[in-house]
Amino acid sequence: MLGMMPQNSKNHPTATLAPALAAFQRQGLAVSLEALYQRLPATICARQGHCCGLLPPLAPLEMLAWLAGLAARPAQERAEQVAALVEHFLLNAAQRRPCPWARTGSCAVYAQRFLACRAYGLWSAEAYQARRQAALTAQQAVAAAWAGLGVRLPAQVLAPGPDYCRQVSVSLPGEKSPNIDGLLRECEEDLARWAQGLPPEPLLAACGGDISYLLARLALGEQACLAAKVGLTKALLAGKEHSAGRLLAAHQAQARAWALAWEESTS
């Protein structure tokens, strides 16, 4: 998947992550990741995507896998995916943003969906509630940080994630395994352990599982993406939709140019 990416090029858009990406490929971790996903039972749900309202958190290894797969996509498709993720990052403090891959009744990347998506409905109610509460606590800390900037985030943005869903069931006959929580934790531990075998990458750790933040940092720059988010959030909450729209369009154009630069760096 990384054959088109010159990992030794300092000018390549993903040069910051080049050592980790190269090790990911060399160690065959894309195959390991797919095998890990296959440990989980296939599921079915009558709600068909109703709960897929938020961008899921990704393990660092999943972020690398997504970037590696992105490299193989056609240039325009790659540019639009990057622009959509950057838009998500820039606007999600002012608006309750859906997952960029969510579609009505489906998921645009269902076959390649991440562990958090696959695990939804498989966790026990108790384990899921503990995780949901931890996410809510983290969200309150984010709200406090914004308050320090003089910004009061909308209630809809701070609303907790989806409730536990009891309509998810395994697609084969039989009940859920009573040890499914243990299996899910084992998968998470394996992802963390495999990542430890890669060159240290502070950027992935700093993103806290947010793939939209990772893409915004890569495409716009660490400080620039944060400044853009603050500016857009303040503009939108002040009702300045026109100026916010112009700012967003400029940042999305920059994100598309960053994605398209992959072609130039391989020529």
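As the structure is a computational prediction, the values presented were derived from the model and not from experiment. Start at 1 with the first residue, then count along the sequence.
Although no hydrogens or angles enter the test, the distance criterion places no donor-acceptor pair under 3.5 Å between the side chain of R103 and the main chain of A108. A donor-acceptor pair is defined here as one N or O able to donate and one able to accept, closer than 3.5 Å; such a pair exists between the side chain of R113 and the backbone of Y110. Listed for the R256 side chain is no donor-acceptor partner under 3.5 Å among the backbone atoms of V82. R96 places a side-chain N or O within 3.5 Å of a backbone atom of A159 that can act as its donor or acceptor partner. Under a 3.5 Å cut-off, the side chain of E62 and the backbone N or O of L115 do form a donor-acceptor pair. In this structure, the side chain of E201 engages the main chain of L203 through a donor-acceptor pair within 3.5 Å.
Taking all atoms of both residues into account, the shortest heavy-atom contact from L237 to R152 is CD1-O, 3.8 Å. L122 approaches D181 most closely through the heavy-atom pair O-OD1, 4.3 Å. The minimum heavy-atom distance linking A219 with A255 is given by the pair CB-CA, 4.0 Å. For the residue pair Y213 and C225, the shortest heavy atom distance occurs at CE1-SG, 3.9 Å. Contact detail for L232 and L248: the closest heavy-atom pair is CD2-N, 3.9 Å. Annotation for L33 and W194: closest pair N-CZ3, 4.2 Å, computed over non-hydrogen atoms.
Between W123 and R185 the shortest side-chain heavy-atom distance falls below 4.5 Å. At a threshold of 4.5 Å between non-hydrogen side-chain atoms, the residues S212 and P100 do not count as touching. V109 places a side-chain heavy atom less than 4.5 Å from the side chain of C107. For the pair W258 and L218, the minimum side-chain heavy-atom distance is below 4.5 Å. The side-chain heavy atoms of L40 and L184, taken from C-beta on, include a pair separated by under 4.5 Å. With a 4.5 Å cut-off on side-chain heavy atoms, L198 and Q27 count as touching. Residues S243 and K240 meet the side-chain proximity criterion, which asks for heavy atoms closer than 4.5 Å. Taking 4.5 Å as the limit, every side-chain heavy atom of V142 sits out of range of all side-chain heavy atoms of L158.
V157 and L54 are not part of a single hydrophobic cluster, where members link through side-chain heavy atoms under 4.5 Å apart. Under the 4.5 Å side-chain heavy-atom criterion for Ile, Leu, Val, Met, Phe, Trp and Tyr, L67 and Y37 are members of the same hydrophobic cluster. Residues L153 and L149 share a single hydrophobic cluster, defined by chaining ILVMFWY side chains whose heavy atoms lie under 4.5 Å apart. Grouping the Ile, Leu, Val, Met, Phe, Trp and Tyr side chains by contacts below 4.5 angstrom, directly or via other members, places V151 apart from L236. Follow the hydrophobic side-chain contacts under 4.5 Å out from V230 and you never reach L215; the two are in separate clusters.
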Open item on the list: Run the salt bridge (charged side-chain N to carboxylate O under 4.0 Å, His left out) test on D210 and R217 for me, step by step, so that the C-alpha distance in whole Å, both residues' side-chain angles and the decisive distance to 0.1 Å come before the verdict.
Closed with: CA-CA 11 Å; D210 185 349; R217 282 186 63 157; over 6 Å; no
Open item on the list: Applying side chain to side chain contact (heavy atoms under 4.5 Å, CB included) to D190 and R39, what does each step give before you reach the verdict?
Closed with: CA-CA 12 Å; D190 282 347; R39 295 185 210 167; 2.8 Å; yes
Task: Check against side chain to side chain contact (heavy atoms under 4.5 Å, CB included), E189 and R193 - done: CA-CA 6 Å; E189 291 166 1; R193 177 169 53 82; over 6 Å; no
- [ ] Take L61 and L204 through the test side chain to side chain contact (heavy atoms under 4.5 Å, CB included) and record every step on the way to the result.
- [x] CA-CA 9 Å; L61 204 71; L204 294 179; over 6 Å; no
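F114 has its ring centre less than 6.0 Å from the ring centre of W101.
Atom CG of L90 and atom CD of Q95 lie 11.0 Å apart (nearest 0.5 Å). Note that the CE atom of M63 and the SG atom of C207 stand 5.5 Å from one another [nearest 0.5 Å]. The line from CZ of R97 to CG of L55 is 11.5 Å long, rounded to the nearest 0.5 Å.
Every pair passing side-chain hydrogen bond (donor to acceptor under 3.5 Å, both in side chains) that includes a residue from residues 131-149 is listed here, sequence neighbours excluded: R131-E188, R132-D163.
Under the side chain to side chain contact (heavy atoms under 4.5 Å, CB included) rule, K229 has a single partner from V86, N92, L91, L220, which is N92.
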